[in-house]
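Since the structure comes first, as structure tokens, the remarks are kept for the end.
Computation of the quantities below employed the complete heavy-atom set of this structure, encompassing side-chain atoms and omitting hydrogens, waters and symmetry-equivalent molecules. We count ligands from 1, going down the list as the structure has it; atoms in each ligand are counted the same way.
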Amino acid sequence: MKNIDAKSHLRGESIYVDDIPVREGTLYAAVFGSPMAHGLIKKLDLDAARAMDGVHGVLTACDIPGVNQIGGIVEDELLLADHELHYIGMPVAIVVAESEGIAKRAVAAIRIEIDELPVVVDPRQAHGVQDYLTAPRTFAIGDPAEVWSECSRVVSGRADIGGQEHVYLETQGTYVFPLESGNLKIHTSTQAPTHVQRMVARVLGTAMHRIEVDVIRIGGGFGGKEDQATPWACMATLAAHILNRPVKLILSRADDIRMTGKRHPYSFDFRIGLDRDHKIRAYEVDCFQNGGAAADLSPAIMERSLFHGSGSYYLPNAKITVYSCRTNLPPNTAFRGFGAPQAMFVLEAAIFKAAEELGVAPEVIQRANLLQDGDLFPYGQQAEGCRAVTCWEELEQTHGMEPLKEEVALFNRENSLRKKGYALFPLCFGISFTNTMLNQGRALVHVYTDGSVTVTTGVIEMGQGVNTKILQVAARTLGVSPGRIRVESTNTTRVANSSPTAASTGADLNGNATLLACRAIVGRLQRVAAQELGCSDTPERISFCDERVFIDAMPTAFTWFELISRAYARRVSLSEHAHYATPEIYFDKEKEKGHPFAYHVYGTVITTVTVDCVRGTYEIDAMRVVHDFGSSMNPDLDLGQIEGGIAQGVGLMTIEELLVNEQGRLVYDSLSSYKVPDIYSVPKLVDIVPLDSEPSPHAVFGSKAVGEPPLCYGISVYFALVRAMREFNPQFSLQLSAPMTHQKCLLSLYENL
Ligand code: MTE
Ligand code: HPA
Ligand code: MOS
């Protein structure tokens, strides 16, 4: 089944926040952000802005009727600065005017005097003075301290991974309408409508039931709108509430890049100990997470780093510690993978460095330590239905790993200025919010008297195609054609208390809720049909397929439409609101042990690259993947998710560089200097082979979550590049610092040559 949005996307007819027809009386907001990364406000002069023609208001912290606090996990983030400024772009004042142009000119007329304070941008510096956003946490299994001396080789080092800008196509934005009696309706580009509703209510000092948040779809989120759509929605709503006018606030790309948080850069100190048979005996890592100026989702991201610190391997003795460090940068936030790619990168870096020192190929160590059924993760969950070895072996078979390696070796013998390298990467990604509470979904299904159906869930469509999957679930369960069903906008009044669409759980949580709702309706309709067909005592003989009633799997003359009419006439409910909570999961934060994930997703990639050793540029020849989809309910969508994830992972490891100077200012702050992968920088070939695997019982229809895990395949690109570069220059010092930009590549190629 095709993505239900494909046609309207292609024709440019899909509606995003800025496409909602403008209502009469609409005002436009723009935000004045701090020009300095750290300091105290000495004087804020708003007079010139206020005096401008067409300006209706300039709002600051003192205009907030409720609480000036939007911290979700830790209450440490103001909506508007009141005294201290913590990062460049930190919102200070909201200008509301008759046009966007006037609002922006008024923002430019605001003057601020600041007593500057020292700026910290390096998480290690914050760690030095123990300035943390939340208490450090450690996951441990066995005891590395006891086995270092028994290892045949111990290797230690430092690794670094940079952040990443989300570059969702639709920037952050909100359009809000005041309704009667102080109620408000908010259209906003968020992954978390309930979070917006809760925070708006807090900021306005009102009840959540007065706030309706509606989302048709968003133009990409990638985690960047899990928490950070909220402040902009709060600011627009504050203005609408105070001025009693519709208010629109859409960030320009420049403001969005400058003012919002990004993927967390991490710095690591690692130590790894191996046996003579290449088994990893011990691993220890300190992770310094660059959290930015407020906690935002950093504590949850820290947690996912801990959960993925052992990657796809069994580590008998490991100690993984994360320090969430406070710096003067915009609060860093969720980004596809949510702390897992960083933790996986450092483990691969440790294995890579150990391999170099032992003089073996890294895949020898990787293969020797792959996770197997029954192995314990450091957090106490046992690997079940583990596909790590199966994926690896399947890759060896279907893609012929040996011929590929020979091809690379031959190329390198025949070419002196261009070199090829390859690398493998085994993926293991836990599916469920690590915060058990969030693993719940809801769906509201109505069957109308003409037999057509609407479904509302708590899930947000952000391009991943989840609404198409929801529709498939409803169509299959009700036995009606997909064209008969419409997936409604996500709306807090129709479906309340939704979790963010995140952690790749959107389809599982809301798809399973849809399944439950449809099953309840089917149950009632079976009884109606049984009565109509004279088998009231055995309604289980009835089923629905192709818009027809079946008895004992044989079609009857009774259609879906007649059935619905009969059910209505018999005063049987044609609507259902269902709730789904992932069973069996729990986690004990005291012991740091439990069973946090419903299941794991596995896969293996082999990547080949070619480096131009004169220019320091490179191309990715191919990424060949064996991926565990369970039994995919929509292979087209799932392949699209893998390809998109890979492109984003490639960017993270190659050309996307978030450089911040000592003043806390982004150096590459526009899309002309911050480069995301284009058609030339993605792999020339992406070949994805689905693994024939058991459908997972907690995945909806056995179709495993696919949103985030594939991004991690990008990690292989970094190591493939280093190996190609080593072919040209075996002498350069191994920095283990991602991304490997063309600049870094060129400098390494000629270091110590
Ligand atoms: N795909 C598209 N096209 N756009 C997005 O914003 N976000 C990713 C992933 N794939 C994203 C995407 C992230 S970060 C997550 S958590 C999942 O989709 C969320 O959707 P799901 O739970 O339905 O997989
Ligand atoms: N993953 C993604 N987003 C989240 C999570 C998680 O585990 N927890 C809270 N938000
Ligand atoms: Mo995705 S980072 O969990 O929104």
Side-chain angles (χ1 to χ4, degrees), residues 3 5-6 9 72-73 164 166-170 189-192 194-195 215 217-229 261-264 295-308 332-342 429-439 441 457-470 473 490 498-512 582 585 587 596-598 601 629 632-634 637-649 699-700 703-712:
N3 188 326
D5 278 346
H9 281 356
I73 301 177
Q164 189 172 24
H166 300 86
V167 201
Y168 25 66
L169 288 180
E170 181 192 25
S189 185
T190 181
Q191 292 173 239
T194 292
H195 189 252
V215 185
R217 65 171 68 73
I218 68 177
F222 305 111
K225 296 170 182 169
E226 184 176 338
D227 253 28
Q228 297 208 1
K262 317 203 178 299
R263 185 191 294 284
H264 294 71
D296 190 272
L297 286 162
S298 294
I301 290 160
M302 158 199 258
E303 193 168 69
R304 194 168 279 276
S305 297
L306 291 165
F307 281 115
H308 291 81
N332 283 320
T333 194
F335 196 137
R336 205 172 192 169
F338 206 74
Q342 292 95 325
F429 200 100
I431 301 301
S432 287
F433 284 96
T434 60
N435 179 352
T436 303
M437 171 184 83
L438 295 174
N439 293 289
T457 71
V459 86
I460 298 293
E461 173 60 55
M462 54 181 126
Q464 84 278 43
V466 68
N467 279 353
T468 304
K469 290 186 174 178
I470 297 287
V473 170
T490 309
S498 56
S499 294
T501 297
S504 307
T505 60
D508 279 354
L509 297 177
N510 299 277
N512 274 313
T582 313
I585 51 172
F587 195 70
F597 297 118
V601 168
F629 293 93
S632 172
M633 64 187 277
N634 194 322
L637 286 178
D638 287 353
L639 288 174
Q641 282 296 292
I642 298 204
E643 290 174 0
I646 282 181
Q648 223 160 17
V700 61
S703 186
K704 284 187 164 185
V706 72
E708 296 168 283
L711 178 133
C712 308

Revision key, fill the gap. Atoms of ligand 1 under 4.0 Å from any heavy atom of G220, numbered from 1 in the order shown, are 6 (O)
Review point. Could an N or O of ligand 3 be found under 3.5 Å from any N or O of A503, whether backbone or side chain?
Key: yes
Point to revise | N or O pair under 3.5 Å between A502 and ligand 1 | key: no
Review point. Has the side chain of E226 got a donor or acceptor atom that lies under 3.5 Å from a matching backbone atom of A334?
Key: no
Practice item. Taking the side chain as every heavy atom from C-beta outward, state whether K262 and Q164 have any pair of such atoms under 4.5 Å apart. Key: no
Review point. Is R304 close to ligand 2, meaning an N/O of one under 3.5 Å from an N/O of the other?
Key: yes
Exercise for review: Give the numbers and elements of all ligand 3 atoms closer than 4.0 Å to a heavy atom of A502.
Suggested key: 3 (O), 4 (O)
Practice item. State whether a side-chain donor-acceptor pair under 3.5 Å links Q342 with S305. Key: no
Revision key, fill the gap. re atom 4 (N) of ligand 1, the protein heavy-atom contact at minimum distance is M462 O, 2.8 Å
Exercise for review: Check each of D227, L438, I301 against atom 9 (C) of ligand 2 and report the one with the nearest heavy atom.
Suggested key: L438
Practice item. Please round to the nearest 0.5 Å and tell me the distance separating atom CG of D296 and atom CD1 of I73. Key: 7.5 Å
Check your understanding: Is V459 touching ligand 1 with its side chain, its backbone, both, or neither, if touching means heavy atoms under 4.0 Å apart?
Key -> neither
Point to revise | Close-contact set for ligand 1 against A503 heavy atoms, below 4.0 Å | key: 16 (S)
**Study point:** E708 N/O under 3.5 Å from ligand 1 N/O
**Key:** no
Exercise for review: Kindly say whether A598 contributes a backbone atom to a donor-acceptor pair with the side chain of S432 at under 3.5 angstrom?
Suggested key: yes
Point to revise | For E708, the ligand 3 atoms whose distance to one of its heavy atoms is below 4.0 Å | key: 1 (Mo), 2 (S), 3 (O)
Point to revise | Atoms in ligand 3 flagged as close to R336, the criterion being non-hydrogen separation under 4.0 Å | key: 2 (S)
Point to revise | Short side-chain to backbone donor-acceptor contact, T333 and G261, under 3.5 Å | key: no
**Study point:** For ligand 2, the portion of E226 having any non-hydrogen atom under 4.0 Å away
**Key:** side chain
Check your understanding: Which residue holds the protein heavy atom closest to atom 8 (N) of ligand 2, what is that atom called, and what is the gap in Å?
Key -> F433 CD2, 3.5 Å
Review point. What protein heavy atom sits nearest atom 22 (O) of ligand 1, and how far away is it?
Key: G506 N, 2.7 Å
**Study point:** Heteroatom proximity flag, G221 to ligand 1, N/O under 3.5 Å
**Key:** yes
Exercise for review: Within a distance under 4.0 Å of any heavy atom of G223, pick out the atoms of ligand 1 and give their elements.
Suggested key: 14 (S)
Study note, to complete from the structure: atom 5 (C) of ligand 1 has as its nearest protein heavy atom F222 CE2, 3.2 Å
**Study point:** ligand 2 versus F338: contacting region, heavy-atom distance under 4.0 Å
**Key:** side chain
Review point. Just which atoms of ligand 3 are under 4.0 Å from any heavy atom in G223?
Key: 2 (S), 4 (O)
Practice item. With the side chain counted from C-beta on, respond yes when V601 and I431 share a heavy-atom pair under 4.5 Å apart, and no when they do not. Key: yes
**Study point:** Ligand-side contact atoms (ligand 1) for residue partner G463, heavy atom cut-off under 4.0 Å
**Key:** 2 (C), 3 (N)
Review point. What is the closest protein heavy atom to atom 17 (C) of ligand 1, and at what distance does it sit?
Key: G707 CA, 4.0 Å
Exercise for review: Considering only non-hydrogen protein atoms, determine which one is nearest to atom 12 (C) of ligand 1 and report residue, atom name and distance to 0.1 Å.
Suggested key: Q641 OE1, 3.6 Å
Exercise for review: May I ask you to identify, for T434, whether its side chain, its backbone, both or neither come under 4.0 Å of ligand 2 on a heavy-atom basis?
Suggested key: both
Check your understanding: Any donor and acceptor pair, going by atom type alone, linking the side chain of N439 with main-chain N or O of F433 inside 3.5 Å?
Key -> yes
Practice item. Tell me which protein heavy atom sits closest to atom 4 (O) of ligand 3, plus the residue, atom name and distance to 0.1 Å. Key: Q191 NE2, 2.8 Å
**Study point:** Close side-chain approach of S189 to K225, heavy-atom, < 4.5 Å
**Key:** yes
Review point. Ignoring hydrogens and geometry, is there a side-chain-to-backbone donor-acceptor pair from Q191 to I460 under 3.5 Å?
Key: no
Exercise for review: Before signing off on this row, confirm whether F335 and ligand 1 have an N or O atom pair separated by under 3.5 Å.
Suggested key: no
Study note, to complete from the structure: atom 8 (C) of ligand 1: closest protein heavy atom, distance to 0.1 Å, is R336 NE, 3.9 Å
Check your understanding: Which of the atoms of ligand 1 are close to V466, meaning less than 4.0 Å from one of its heavy atoms?
Key -> 23 (O)
Review point. Hey, is the main chain of G707 close enough, under 3.5 Å, to the side chain of R336 for a donor-acceptor pair?
Key: yes
Review point. Which protein non-hydrogen atom lies closest to atom 23 (O) of ligand 1, naming both residue and atom, and how far is it?
Key: Q464 NE2, 3.1 Å
Exercise for review: Classify the ring geometry between H166 and F335 as parallel (under 30°), tilted (30 to 60°) or perpendicular (over 60°).
Suggested key: parallel
